[in-house]
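Here the structure is laid out as structure tokens; the discussion comes afterwards.
All values derive from a computational prediction rather than experimental measurement. First the proteins, then the strands, lettered A, B, ... as listed; each starts at 1.
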Amino acid sequence: MAQTKSKKIPLTGDQAVATAMKQIDPDVVAVYPITPQTEIVMYFANYVANGQVSTEMIPVESEHSAMSACVGASAAGARTMTATSANGLALMWEIVYIAASLRLPIIMPVVNRALSGPINIHCDHSDTMGARDSGWIQIYCESGQEAYENTILAVRIAEHKDILLPVMVCQDGFITSHAVEGVQLFEENKVKEFVGEYKPAHPLLDVDNPVTYGPLDLQDYYFEHKRQQSESMKGVLKILPELFKEFEKTFGTKYDFIDTYKLEDADIAVIALSSTAGTSRGVIDELRGQGIKAGLLRPRVFRPFPREKILVALKNIKAVAVLDRAESFSAEGGPLYTEIKAALYDSGIRPLVTNYIYGLGGRDIFPDDIKKAYFDLGVALKNKKVSNPINYLGSRE
Amino acid sequence: MHLAEKKKSWEEIPIGGLILEAGNAKEYKTGGWRTFKPEKNDKKCINCLFCWIYCPDSSIKVEDSKMVGFDYEHCKGCGICASVCPVKCIDMKKE
Amino acid sequence: MGESRVRVIMSMVEVAWHGRGGQGAKTASQFLGEAALDIGKYIQAFPEYGPERAGAPMKAFTRISDEPIYVHSSVRKPDVVIVIDPTLLGGVDVTEGLEDNGVLLVNTEKSPEDIRKIVNFKHGKVGTVDATKIALETLKIPMPNMPMLGAFLKVNTIVSIDEVSEIVKAKFVKKLGEEKTKANIEGIKRAYSELRLG
């Protein structure tokens, strides 16, 4: 383990992300505040005002402008970051796709919040799940600590010469973004060394090598450019392990596409993103104490979808409950559920699979709720069938 | 003419739709689009260069402030030059 | 991370703070957490976010443990409930989730027996202290949150009063100056010794 860790300091998830941004010291941050991401903007604006970073901060008048400014800055050759939540992400939608299509390595911490309406400022994943097909890499974080570390890692992912895709680093609104926990920060010079200097391949400001960004691209070549994006996203699956390894060597934390807890010998498992995975851990310990072989699978990287890793992790599991903090309104369950099922289809692995939509609009999810999901799995296992594939955990009947 | 030019695969083109060669529109030869071709009567031309100003494809050749002819590789035969010429020295002839 | 993590949390203390927006319940919940973090504990401190208006009833939570804390739901069964504003007692069920060995601490001039009757809490422990009076006499402002932290330290030893005093010094001197820092420590100590348990 590298000796780069300091004493833990009390930080909210938002403060942790703002600290990562300070240590990265990006060239440009164009951002508009929105709850529950606001504290990221607040703290970062302080760093700018105090001269602790050399970032050009652009306080724009909307998220559409924020992402537009990011696209311009990134194309110009600047290391560029922004941050948003929910309706802010929705307002930047058009440019979110363009950022990915132009292959601009923009880093965007997203503090997950329900996409209205009725209006709600609390956590669910409807915002980023809506953007799952926008061409951005998506990483979901269990804690402020992870959000801090992944923001740093994201820079290297986005700017990798064989990736060049923007990255969303997601954490749960209020639940981790506004909860104070002990966060272990890395030494600033180590972070700077790790992210290195951004060397853009084709910066607009390189007047000796002029380049055109965003020309009309019709039937003859548009498809090839989309194909490039797909192949690059597939490439992320191959490249990330190198970066995970380098991160571990530098900072000591081991990352992978997925995180598991007591899954290896488990009969039944819950699959959940972000902070809910943490809540599941205690439930697993309790159930294990009763002789029930329960386990957890938490996808950390959702885009690209780490199919192979997930299949290996699930190979001996008999029944799985997929917890979705977003409704897709497909009448076929939530987004994580359908992707897990699709991954299983031609693998030959056939656990019983159920879906639980939960926690919409910040509805708290308690250990007892998760226990219910495990209990249902036990019943399904006994009956050798799932009686009710799509369930709503914590919604009043 | 590049009508039969083989289109490149996704692996052969710059990412993100970037165009890395400045001014590469020149390589796109649009001369084949013409059905009528501009021809100039040198005797009538007063070198006012209206044609040069109006030509949407930069296909009027100018040397030493004098109109010296057309770039037939790119001229699409739109006839704007003939239309704006104050002395009517440009005729549109069938190709 | 991964399979090697220890997650059996036997020694976790969960505290629920009840106050009104602007009375410092969130600050106190965080300060307790920060003090515990400082001596090497694992912590969580978070408010229950609602409409966030000054004067509106609000809750905040502190979790302190010797082991990493992974749970991310709000506190349903607090070990200690701290009521910063006694006028909440009529409208908010402050004893919700408080079990047989639970502790209820209230900022009031009333006796623990009186409070038991008002909230209909028959088991556990009830502690009362006039934290507002202490705040007025020490800090000269009606901010009872730090004295209520002192009351907590009396009934729970996960952090000692000396450790908290040191941390108050370390964190407050630069921001508030010597005098107000001293007043804060004085407030904590007075509530610690003036707490009535019954």
*asked:* Tell me if a side-chain donor or acceptor on A:Lys8 pairs with a main-chain N or O of C:Lys41 at a distance below 3.5 Å.
replied: no
*Which region of C:Gln30, side chain (C-beta onward) or backbone (N, CA, C, O), has a non-hydrogen atom less than 4.5 Å from a non-hydrogen atom of chain A, or is it both or neither?*
side chain
*So with a 6.0 Å cut-off around NZ of C:Lys154, is the heavy-atom count from everything else above 12?*
yes
_Please report the interatomic distance OH(C:Tyr70) to CG(A:Leu296), rounded to the nearest 0.5 Å._
11.5 Å
*Identify which part of A:Ile365 has an atom lying under 4.5 Å from any heavy atom of chain C, answering side chain, backbone, both or neither.*
backbone
_Contact summary for A:Glu181 and C:His72, nearest pair of heavy atoms_ = OE1-NE2, 3.5 Å
*Counting heavy-atom pairs under 4.5 Å to chain C, which of A:Gly359, A:Gly182, A:Pro36 comes out on top?*
A:Gly182
*A:Phe366 to C:Ser74 - nearest heavy-atom pair and separation*: CE2-O, 3.4 Å
*Only one of A:Pro367, A:Ser280, A:Ser275 forms a side chain to side chain contact (heavy atoms under 4.5 Å, CB included) with C:Val71, so which one is it?*
A:Pro367
*Tell me, for A:Thr176 versus chain C, whether the close heavy atoms (under 4.5 Å) come from the side chain, the backbone, both or neither.*
side chain
*Using non-hydrogen atoms only, which part of A:Asp369 is less than 4.5 Å away from chain C: side chain, backbone, both, or neither?*
neither
*Taking atom NZ of C:Lys182 as the centre, report whether more than 12 heavy atoms of other residues, nucleotides or ligands fall under 6.0 Å from it.*
no
_Main chain of A:Asp364, side chain of C:Ser73: is a donor-acceptor contact present, judged purely on distance under 3.5 Å?_
no
*asked:* Counting only heavy atoms not in A:Gln52 (residues, nucleotides, ligands), do more than 12 fall under 6.0 Å from its CD?
replied: yes
*Just wondering, are more than 12 heavy atoms of other shown residues or ligands nearer than 6.0 Å to CD in C:Glu178?*
no
_A:Ile175 CD1 to C:Phe46 CZ distance, which is reported to the nearest 0.5 Å_ = 9.5 Å
*What are the two closest heavy atoms between C:Leu37 and A:Ile9, and how far apart are they?*
CD2-C, 3.5 Å
